[in-house]
2 protein chains.
Amino acid sequence: MANIRDIAKEAGVGIATVSRYLNDTGYVSDEVKVKIQKVIEELNYKPNALARAIFTKNSKTIGLMVPNISNPFFNQMASVIEEYANEMGYNIFLCNTDDNPEKESKYLDVLQSHRVAGIIVARSKCKEAYSNIDIPVISFESHISDKIITVSSDNYNGGKIAFDHLYQCGCRKMIHIKGPTCFEATEDRSRGFLDAAKDKNLKIDLIEFETDFQVKMLEENIESLNKIGECDGIFVFNDIAAATVIKFLRKKGVRIPEEVQIMGFDNSFICELLHPSLTTINQPIQALGKYTIELLIKLINDEDIEIEDYLMETKLIKRETTLS
Amino acid sequence: MANIRDIAKEAGVGIATVSRYLNDTGYVSDEVKVKIQKVIEELNYKPNALARAIFTKNSKTIGLMVPNISNPFFNQMASVIEEYANEMGYNIFLCNTDDNPEKESKYLDVLQSHRVAGIIVARSKCKEAYSNIDIPVISFESHISDKIITVSSDNYNGGKIAFDHLYQCGCRKMIHIKGPTCFEATEDRSRGFLDAAKDKNLKIDLIEFETDFQVKMLEENIESLNKIGECDGIFVFNDIAAATVIKFLRKKGVRIPEEVQIMGFDNSFICELLHPSLTTINQPIQALGKYTIELLIKLINDEDIEIEDYLMETKLIKRETTLS
DNA sequence: CTTCGTTATGGAGTCGTTTACATATGTTCA
DNA sequence: TGAACATATGTAAACGACTCCATAACGAAG
């Protein structure tokens, strides 16, 4: 592929002149501009972004690490982040960690090697790896260290809201199906839910799912679902797991919401598609994604911002799996 | 950040020796190896992948362009592609085209500038832009030119299978809800379905959706859904749209599958979560993704492979929205 | 007529790698 | 003993960009 030297030669000008033309920095006569542009098109020249990044020390690239891009929550995040990054002239380097600390750590090296301008890591499982990183990092849904900003929804309060709603709907014998213990976000939801229950002196039965989002969720968790006993309300750690639970209960002939009321978490697109549609807690994904990338770009631009937790508001989305 | 010169100096050796150590090419004494490794860790040195790529002319990076990463079908593809790319030592540069030709074209320039080793583009909307590209390209679900390999499911046959199944289940008055005309994949499904109907001398009513995957699908397409008249079977262009249709019909009190049988397309994870669970046509996403990336890497490695269409088999997944 | 600012251009050094080549030592084998 | 080879290392020239600096022409201002 042609390089800047080829263009300069073919256009009969110096390299510096071509560079000035490309970057619109410094003087280039109109006459020469036309000549250069013509050659660029003839040779289908695309300036080498790698060479440029080496020199300017600015790759205009952001590393995005998510557990898995097929997870509906994280790919919505990714979509929002891509949108804003693109607007700001940044590109996305995608990494799936698979919730695997080793893969995360390897990708972290890769991102450093590629000199990404900044990193967004969702649900990190490899916190020690970030101790000596000199690239701006924003952590999503996971506290890495007191040097790294964490952005997340207010999961704790979301859990509280979920309890209050079920309680208000008349539930007095509730079950909480919680996610794998290693996820901060779902732990916070649980804590919020249980704390609110304690306030009302209600005892909650706990069932633990061992998988997060999985296509085969139902079969894999059928064991734990069989433990569902007498209850009038269930709070499930996310919408997809809730859908799994609904499916399970319907197969057993349980009427929802008349006999058992159910709540999910996330306000994923499937809530509306389910029957009955799923009452849930909304995470403001749009705002979350936008805020995360904005913070990161501020860090990249060396603006000084408070290193602290940023919690985004969660709220109740009332649908048909709960009574009025 | 430290560079190779710093390492060489600090370790008291030459640059070439450090490079040989890093790449395990040529001789380096064990004694020196230890010394270099120690310095590398002390200075937290990460070799600059950009500089390396400039010289070797191999960025070990693959550009992935999809309509949108939040689309469940394409993010599953992306997940599979990431997995295999990672295994082969490649990284993913993510681009959302939003089905927007201009955005796609701009990203195509960016990918060329970044000297990606290869490009996977899903559902391209900007075919002319690929005429003078000298980077290997695999096109997914879209025919760009006779120089570029296309990979897709056998959508046409999938449409036929769908018709045959509904017919076999007793449907004689069918509606087909088709996707936006500009998508080759859904057009092929329609053609297959309609051709099979013609074979049986059945006339099919057509309804067109104007949106592909959208969170607000139901509201946006309520207009066209109102056109659903008397029928005993509906073939919808994909699962999520089918879920929207089911939701709509249930609200109207239509019993599924007793009164109307429904089929989707994709075999997305939501099929199992719906009630009744959705009969659909499977697209072998795993195989599709794996095959796509394998072909691309073969192209990158200059293996000569047939430039032709690669069609992957689609098959019926029988669930509860159709009778026996 | 000199000085100054604006316009316009190009050469050379730099960014951080890899590799071709030169060099040097030690071992083996005829 | 000396040729051949394996081991070990360093220098310098690429790769493709950007930018500092030098150079030069030109008009305006003093």
Side-chain angles (χ1 to χ4, degrees), chain A residues 1-37 39-40 43-61 89 109-117 134-135, chain B residues 1-37 39-40 43-61 89 109-117 134-135:
Chain A
M1 191 176 272
N3 61 29
I4 198 171
R5 215 171 311 264
D6 299 331
I7 305 299
K9 203 167 164 190
E10 194 68 23
V13 299
I15 294 176
T17 306
V18 179
S19 178
R20 275 192 298 268
Y21 170 71
L22 288 171
N23 300 290
D24 196 21
T25 146
Y27 298 109
V28 180
S29 68
D30 289 345
E31 184 193 12
V32 168
K33 274 184 186 167
V34 174
K35 211 157 41 170
I36 293 177
Q37 182 56 40
V39 175
I40 285 180
L43 303 188
N44 191 30
Y45 168 68
K46 313 283 172 190
N48 188 319
L50 306 175
R52 190 175 273 175
I54 272 189
F55 189 89
T56 63
K57 296 180 180 306
N58 185 355
S59 66
K60 282 286 186 178
T61 297
D109 281 347
V110 170
L111 292 180
Q112 286 176 274
S113 270
H114 279 265
R115 301 295 191 265
V116 295
D134 46 9
I135 296 175
Chain B
M1 189 175 273
N3 61 31
I4 198 171
R5 216 170 311 264
D6 299 331
I7 305 301
K9 202 167 163 191
E10 195 68 24
V13 298
I15 293 176
T17 305
V18 178
S19 178
R20 275 191 298 267
Y21 169 71
L22 289 171
N23 301 289
D24 196 22
T25 146
Y27 298 107
V28 181
S29 68
D30 288 346
E31 186 193 10
V32 168
K33 275 183 185 167
V34 173
K35 210 156 41 173
I36 294 177
Q37 182 55 40
V39 175
I40 285 179
L43 302 189
N44 191 29
Y45 168 68
K46 312 284 172 188
N48 187 319
L50 306 174
R52 187 176 275 176
I54 272 190
F55 190 91
T56 63
K57 297 181 178 304
N58 186 355
S59 67
K60 282 286 186 177
T61 297
D109 280 348
V110 170
L111 292 180
Q112 286 177 274
S113 270
H114 278 266
R115 301 295 192 265
V116 295
D134 46 7
I135 296 174

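Chain letters run A, B, ... following the sequence lines, proteins first, then strands; residues in each count from 1.
With rounding to whole Å, A:N23 atom CG is found 6 Å from D:dT19 atom P. Taking atom CD1 of residue B:I54 and atom P of nucleotide C:dG16, one finds them 12 Å apart after rounding to whole Å. Distance B:D24 CG to C:dT18 P: 13 Å, rounded to the nearest Å. The separation between A:N48 atom CG and C:dC15 atom C1' is 13 Å, rounded to whole Å. Distance CG (B:N58) to P (C:dT19): 11 Å, rounded to an integer number of Å. Rounded to a whole Å, the CZ atom of A:F55 is 10 Å from the P atom of C:dG16. The interatomic distance linking B:I4 (CD1) with D:dT11 (C1') rounds to 14 Å, in whole Å. Atom CZ in B:R5 sits about 14 Å away from atom P in D:dG10, given to the nearest Å.
Contact check, B:R52 against C:dT18: a side-chain N or O comes under 4.0 Å of OP1 or OP2. Phosphate contact (OP1/OP2 of D:dA8, side-chain N/O of B:K33, threshold under 4.0 Å): absent. Applying the 4.0 Å criterion to OP1 and OP2 of D:dT7, one finds that B:Y27 has a side-chain N or O inside that range. The side chain of B:T25 contributes no N or O atom lying less than 4.0 Å from OP1 or OP2 of C:dT18.
Here the closest non-hydrogen pair linking B:A53 and A:L50 is CB-CD1, 3.7 Å. Counting all heavy atoms, side chain and backbone alike, A:K33 lies closest to A:Y21 at CG-CD1, 3.6 Å.
Mapping A:G14 and B:K46 onto DNA chain C by nearest heavy atom places A:G14 closer to the 5' end of the strand. A residue-by-residue look at B:D30 and A:N3 shows that B:D30 has its nearest nucleotide of DNA chain D further toward the 5' end. Residue order along DNA chain C, read from the 5' end via each residue's closest nucleotide, puts B:A51 first among B:A51 and B:R20. Residue order along DNA chain D, read from the 5' end via each residue's closest nucleotide, puts B:T17 first among A:T56 and B:T17.
For residues 45-56 of chain A, the salt bridge (charged side-chain N to carboxylate O under 4.0 Å, His left out) pairs, not counting sequence neighbours, are A:K46-B:D109.
No side-chain heavy atom of A:L22 sits less than 4.5 Å from a side-chain heavy atom of A:I36.
Environment of NZ in A:K9: sparse, with no more than 12 heavy atoms of neighbouring residues, nucleotides or ligands closer than 6.0 Å.
Annotation: the terminal axes of the helix from C:dC1-D:dG30 to C:dA30-D:dT1 meet at 50°, where each axis is the rotation carrying the C1' atoms of four end pairs onto the next four (5 pairs per end, rounded to 10°).
Within the 3.5 Å criterion, the main-chain N or O of B:R115 finds a donor-acceptor partner in the side chain of B:S59. B:T61 contributes no side-chain N or O that, together with a main-chain N or O of B:V116, makes up a donor-acceptor pair within less than 3.5 Å.
Residue contacts for B:I15: at a heavy-atom cut-off of 4.0 Å it reaches a base atom on one of the strands shown. Here A:Y21 lies out of heavy-atom contact (under 4.0 Å) with every strand. Base engagement by B:S19 is indicated by at least one non-hydrogen atom pair under 4.0 Å involving a base atom.
Rounded to the nearest 0.5 Å, atoms OG1 (B:T56) and CG (B:N23) are 9.5 Å apart.
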